[in-house]
Amino acid sequence: MNQSSKSDKRKEKEPAYESYDQYFQEKKRKLEQQNSCTLKSNIFYGLVFHVNGYTNPPLTTIRDLVCEHGGRYAQYLSREVTHIVCTNLPMAKLKLLKQSDVIIKPEWILDCIKKGGLVDEKPYRVYEHNSLNNQKTLVLPTASRTPVAHAERESRIDASDPNFVAQFYQNSRLHFLSLWKNELKEFTAEFLKNKKDNIHGAYKVILHVDMDSFFVSVALKDRQNLIDKPVAVGHSTRDGKESNKLDSSSDLASCNYVARQFGVRNGMMLQKALKLCPGLIVLPYEFEKYREISRKFYTVLFKYADNIQAVSCDEAFLEINSKLNDDSKETVYDICENIRKDIRDICEVNASIGAGPNMLIARLATKKAKPNGQHYVTKEEIKDFIKDINVKDLPSVGYAHGSQFETMGIETCSQLEQLTISELQKIFGIKQGELFYNYCRGIDSRELINTHERKSIGAEINWGIRLNEKSKVESFFRNLSKEVSERLISSSLSGKLLTLKVKCRKRDAEQPRKHMGHGWCDDISKSHEFSRPVFEENVIFTQVIKMYNGLHLAPEDLRGAGIHFQKLVDIKNAKGKNHMRFCLDQKKLDFSNMKKREINNIKKNNKNEVEIISSSDIPKHSPEKNPSKQKAFQKLSPKGKPPFKPLITLTQKFKPRKLFSDVIELSDSDDTINLNIDILSSQSHTQTQNYLIYPDLDGFVDESEIKSRLKQWVDYFKDEGPLDIDKRTIFTYFSELFDSKNLDLVRKYFCYLKRLINEIESEKWPSFLTELENQLQLMSINNYGSKLLLNP
DNA sequence: ATCCTCCCCTAC
DNA sequence: TAAGGTAGGGGAGGAT
């Protein structure tokens with residue numbers, strides 16, 4: 001797939017497109033054909049209605065009315081439905097609706113027709129959305145009939161909503177592309193590991209296999225009637241029948257070769273594509289299918305590959321040396337034919353193959369092979385082949401380097417060849433310069449990379465961010481921190497180096513061309529190295545907020561953010577300089593294959609539970625109370641000091657702690673806990689739940705807030721003493737403070753806690769205080785070689 | 001010299 | 001409406 005912002009820049013002539021009148025006539029004709037109804041007006045254009053239950057007038061009348069006035073009727077409650085018509089909707093069904101669904105009474109349709117245009121929906125609504133808690137509340141019959149401005153009508157979730165992150169990723173093609181790439185790298189690594197093997201052969205030919213306009217091809221599998229029409233895939237569709245959204249800023253992920261003849265390109269905005277090609281049909285994404293076919297594609301490739309490098313869901317490099325008796329065109333084309341036939345049979349999608357003595361040539365040959373073809377460039381042909389290649393088609397020449405070449409007046413590889421290596425290095429840097437020097441001569445020494453070791457992991461969202469208050473920005477960062485934490489856990493990783501990326505609206509940036517896009521921004525990034533590998537949501541969030549606040553940006557200027565980790569460590573081996581051990585003998589939580597929607601469903605059903613087993617070797621008492629264990633530790637510890645007892649366990653992090661009663665219930669089962677999916681979903685950490693009685697301190701910076709939470713906690717448990725789980729939370733909190741060298745606060749909060757505990761005069765609390773003090777002193781000795789002055 | 005931080009660039 | 005992600009390579013310039 002080609003994300004060509006390049007092509008956006010090119011000037012293309014604009015064919016005259018249909019006027020609205022022409023379009024209206026055409027649509028009228030089509031509609032009359034389809035529904036055998038006369039089009040009387042177009043007031044419901046773009047709206048899709050679904051009728052639920054008994055209505056007055058009945059369903060058939062509503063259907064006809066809607067169609068006669070330019071709308072569409074959907075028999076099922078599908079994705080494209082914009083309006084649900086009913087007089088009464090049962091709660092069960094209500095829960096299945098998406099936030100944006102409008103539920104109205106049939107009278108609205110009648111009144112619209114009577115008035116000859118859309119009238120305000122609000123008085124006709126059956127339910128009112130409440131974006132805060134995602135619940136719908138019944139509109140009382142006495143609801144006021146004050147008209148509301150059209151724009152105000154839709155209250156959407158914003159980026160501070162706990163569902164925003166999941167919803168965004170669910171719809172992001174780029175996210176899926178990245179996700180699958182990773183999966184497929186793992187998939188190929190696995191395949192090669194199990195392969196007993198004869199990679200070697202006398203002849204070396206590399207194949208570059210690429211499925212033709214993948215997303216569209218998948219869409220057309222079941223729509224053969226559209227195969228010779230211009231077709232693209234993107235959001236903003238009406239099931240392919242009416243893609244006439246002339247002002248849509250949605251991106252087309254993929255377009256077929258018919259559409260390309262009109263000048264339509266991958267990555268182009270729909271509005272521009274429609275100008276070039278008014279008849280363009282836009283079909284919706286089908287992410288599940290892509291993933292499935294991608295898997296099949298790779299299984300076919302495995303059949304032929306001696307070696308394989310995954311490039312993306314529709315593209316890979318192959319080495320087929322052992323299948324070659326010579327490197328003649330006949331031999332290579334034979335194999336290519338077979339591979340392409342297999343792909344066609346199994347995936348029902350056409351593939352093209354480029355072949356050559358190295359990766360560069362194979363890749364460039366694919367361009368010649370497409371669509372649905374193959375092209376092999378032999379060693380002998382390289383020189384001739386490369387000379388007319390456009391430099392912009394070379395790998396690692398994108399927008400920036402391309403423009404650079406353009407200003408230099410360089411178009412083809414033979415022109416590029418005139419430059420010396422040092423000239424190139426002066427312009428592009430040492431490595432890039434050398435690379436281009438070689439590429440324009442057809443030289444490429446890269447070998448297939450098929451090992452898969454991650455060097456970084458992260459999450460980033462640069463769309464839909466319009467937040468006008470500090471608290472909303474913080475919620476967004478909490479949700480993003482949670483996402484990153486989940487990703488770390490699901491790949492069993494923790495990381496030491498955190499990087500925060502922020503997009504900030506430029507001072508005089510215009511309204512972005514893309515709806516809810518980031519527009520023209522300054523990119524800022526800050527990194528922080530933790531003293532130990534980290535994976536916990538709260539720790540990430542706290543640090544992120546600290547760094548973000550240091551930037552002093554106005555909330556309304558935030559346009560996007562990313563949180564990334566480098567210096568990754570297996571979560572089981574996560575070991576800090578304090579010898580804090582994270583005994584996480586956990587089952588791998590793998591959500592990478594589970595779509596967010598599935599998670600939400602599980603959450604709703606409340607039936608499925610994922611089990612996490614925390615290690616049984618976590619010492620439950622401080623080392624002093626357990627001499628035998630202490631000895632064992634002394635043997636292992638280089639300095640002869642006992643390591644700290646583990647402060648962080650999954651038990652602590654993931655216990656459902658929504659309500660106080662939950663805490664009591666669960667505090668007994670310490671070794672094996674049931675992790676309700678709910679905990680991983682967004683609701684669990686709402687900051688405003690003041691009914692929580694547990695010391696949730698992470699993420700709060702305000703001193704009085706921390707103190708009041710501590711007081712609340714101590715007060716609540718003053719008779720029965722602190723729960724183990726809460727003790728650990730406090731230990732963690734203090735060690736985080738300590739790690740961030742906030743010794744003043746450590747001292748302050750410790751003293752405050754001490755005072756609280758002295759005040760309540762309970763027998764159960766002082767031992768906790770001693771434990772905490774011991775912890776802190778041990779950490780201090782380990783870090784600074786001396787004790788901490790805790791008592792003023 | 002070599003490392004680190006903050007960028008930018010590229011690919012799909 | 002719309003969903004502009006993400007991992008990795010690399011460079012400039014300052015700190016060590």
Side-chain angles (χ1 to χ4, degrees), chain A residues 1-6 46 82 100 151 154 156-157 159 164-182 184-185 210-211 214-215 234-237 245 247-251 253-254 266-267 269-271 285 287 290 294 310-316 363 394-404 425 427-435 446 449 452-465 483-484 487 497 499-503 512-519 521-529 559-560 562-568:
Chain A
M1 256 154 292
N2 224 356
Q3 287 299 315
S4 50
S5 52
K6 276 186 280 183
T82 58
S100 55
E154 306 282 311
R156 291 279 134 94
I157 67 165
F164 174 78
V165 174
Q167 204 176 89
F168 173 78
Y169 283 128
Q170 184 76 135
N171 287 296
S172 164
R173 70 184 196 283
L174 292 171
H175 165 70
F176 281 112
L177 249 36
S178 296
L179 189 74
W180 295 330
K181 181 177 181 158
N182 240 313
L184 291 165
K185 274 195 198 165
D210 190 331
M211 291 195 271
F214 183 49
F215 286 8
H235 289 289
S236 183
T237 66
K245 314 246 21 179
D247 57 346
S248 169
S249 72
S250 87
D251 281 348
S254 168
N266 290 349
M269 274 187 190
L270 180 52
Q271 48 184 328
Y285 290 99
F287 291 118
Y290 307 146
S294 182
V311 179
S312 75
C313 60
D314 67 338
E315 195 181 328
R363 181 135 185 349
L394 292 175
S396 79
V397 176
Y399 176 71
H401 296 150
S403 324
Q404 179 76 253
Q425 285 176 325
I427 301 164
F428 297 104
I430 299 183
K431 298 247 185 166
Q432 294 281 23
E434 190 190 339
L435 196 76
R446 288 176 300 167
I449 301 168
H452 181 59
E453 202 186 341
R454 250 178 199 282
K455 292 181 184 145
S456 77
I457 192 167
E460 190 167 344
I461 301 182
N462 297 305
W463 182 88
I465 314 294
E483 176 71 28
V484 174
R487 289 188 192 186
L497 184 65
T499 305
L500 170 69
K501 284 181 56 177
V502 166
K503 270 195 185 300
R513 297 200 359 253
K514 174 171 285 303
H515 174 71
M516 284 285 160
H518 55 65
C521 283
D522 287 316
D523 291 306
I524 305 163
S525 77
K526 290 275 170 244
S527 49
H528 167 85
E529 184 155 0
R559 285 291 176 273
I563 299 171
H564 298 268
F565 273 98
Q566 282 158 277
K567 303 203 179 172
L568 304 178

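Reckoned from all heavy atoms, side chains included, excluding hydrogens, waters and symmetry mates. Lettering follows sequence order; numbering is per chain, from 1.
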Inset, instruction - Go through the steps to decide whether A:Phe176 and A:Lys181 satisfy the test side chain to side chain contact (heavy atoms under 4.5 Å, CB included), and finish with yes or no. - result: CA-CA 8 Å; A:Phe176 281 112; A:Lys181 181 177 181 158; over 6 Å; no
Legend entry - side-chain N/O A:Lys526 vs B:dT5 OP1/OP2, d < 4.0 Å: no
Inset, instruction - May I ask you to verify if any side-chain N or O of A:Arg173 is less than 4.0 angstrom from the OP1 or OP2 atom of B:dC12? - result: no
Inset, instruction - Would you please confirm or rule out a distance under 4.0 Å between OP1 or OP2 of C:dA3 and any side-chain N or O of A:Tyr285? - result: no
Inset, instruction - Answer yes or no as to whether C:dA3 has its base stacked against A:His235, where stacking requires a ring-centre separation under 5.5 angstrom and planes under 30 degrees apart. - result: no
Inset, instruction - Respond yes when some side-chain nitrogen or oxygen of A:Ser527 is under 4.0 Å from OP1 or OP2 of B:dC6, and no when none is. - result: yes
Inset, instruction - Ignoring backbone atoms, test whether A:Ser172 places a side-chain nitrogen or oxygen under 4.0 Å from the OP1 or OP2 oxygen of C:dG5. - result: no
Legend entry - Nucleotide of B:dC8, C:dA3, C:dT6 approaching A:Ala459 most closely (side-chain heavy atoms): C:dT6
Legend entry - Distance between C1' atoms of C:dA3 and B:dT10 (Å, rounded): 22 Å
Inset, instruction - For A:Pro512, report the nucleic acid contact type (base, sugar-phosphate, nothing); a contact means any heavy atom under 4.0 Å. - result: base
Legend entry - Phosphate-side-chain proximity, A:Lys501 and C:dG5, N/O vs OP1/OP2 below 4.0 Å: no
Inset, instruction - Would you indicate what A:Lys431 reaches in the nucleic acid, counting non-hydrogen atoms under 4.0 angstrom: base, sugar-phosphate, or nothing? - result: sugar-phosphate
Legend entry - Minimum-distance nucleotide to A:Ser250 side chain [options: B:dC7, B:dT10, C:dA3]: C:dA3
Legend entry - Phosphate-side-chain proximity, A:His515 and C:dA3, N/O vs OP1/OP2 below 4.0 Å: no
Inset, instruction - Name the nucleic acid region contacted by A:Glu529, choosing base, sugar-phosphate or nothing; use a 4.0 angstrom heavy-atom cut-off, strictly under. - result: nothing
Legend entry - Any A:Asn462 side-chain nitrogen or oxygen under 4.0 Å from OP1 or OP2 of C:dG5: yes
Inset, instruction - Determine the contact category for A:Gly458: base if any of its heavy atoms lies under 4.0 Å from a base atom, sugar-phosphate if only primed atoms, P, OP1 or OP2 are that close, otherwise nothing. - result: sugar-phosphate
Inset, instruction - Give a yes or no answer on whether the side chain of A:Trp463 reaches the backbone of A:His515 with a donor-acceptor pair at less than 3.5 Å. - result: yes
Inset, instruction - Ignoring backbone atoms, establish whether A:Lys514 has a side-chain N or O less than 4.0 Å from OP1 or OP2 of C:dA3. - result: yes
Inset, instruction - Ignoring hydrogens and angles, tell me if any N or O in the side chain of A:Arg487 forms a donor-acceptor pair with the backbone of A:Gly458 under 3.5 Å. - result: yes
Inset, instruction - Examine distances only and state if a side-chain atom of A:His401 and a backbone atom of A:Gln432 form a donor-acceptor pair shorter than 3.5 Å. - result: no
Legend entry - Side-chain N,O (A:His401) to OP1/OP2 (B:dC9) below 4.0 Å: no
Inset, instruction - Check whether any side-chain nitrogen or oxygen of A:Ser456 sits under 4.0 Å from OP1 or OP2 of C:dG8, and answer yes or no. - result: yes
Inset, instruction - Identify whether any heavy atom of A:His518 sits under 4.0 Å from a base atom; if not, whether one sits that close to sugar-phosphate; answer base, sugar-phosphate or nothing. - result: base
Legend entry - Sugar-phosphate only, base, or nothing, as touched by A:Gly519 at under 4.0 Å among non-hydrogen atoms: base
Inset, instruction - With heavy atoms under 4.0 Å as the rule, sort A:Glu460 into base, sugar-phosphate or nothing. - result: base
Inset, instruction - Compare the minimum distances between each of C:dA2, C:dG8, C:dG4 and the side chain of A:Lys185, then state the nucleotide with the smallest one. - result: C:dG8
Legend entry - Nearest listed nucleotide, side chain of A:Glu315, among C:dA7, B:dC12, C:dG5: B:dC12
Legend entry - All side-chain contact (heavy atoms from CB on, under 4.5 Å) counterparts of A:Gln566, not counting sequence neighbours: A:Ser456, A:Leu497, A:Thr499
Inset, instruction - Using only side-chain N and O atoms of A:Ser396, determine if any of them is under 4.0 Å from OP1 or OP2 of B:dT10. - result: no
Legend entry - Audit row: A:Lys503, A:Asp522, side chain to side chain contact (heavy atoms under 4.5 Å, CB included) steps and yes/no: CA-CA 6 Å; A:Lys503 270 195 185 300; A:Asp522 287 316; over 6 Å; no
Inset, instruction - Assign A:Arg487 to base, sugar-phosphate, or nothing according to its heavy-atom contacts below 4.0 angstrom with the strands shown. - result: sugar-phosphate
Legend entry - Presence of A:Thr499 side-chain N/O under 4.0 Å of B:dT5 phosphate oxygens OP1/OP2: no
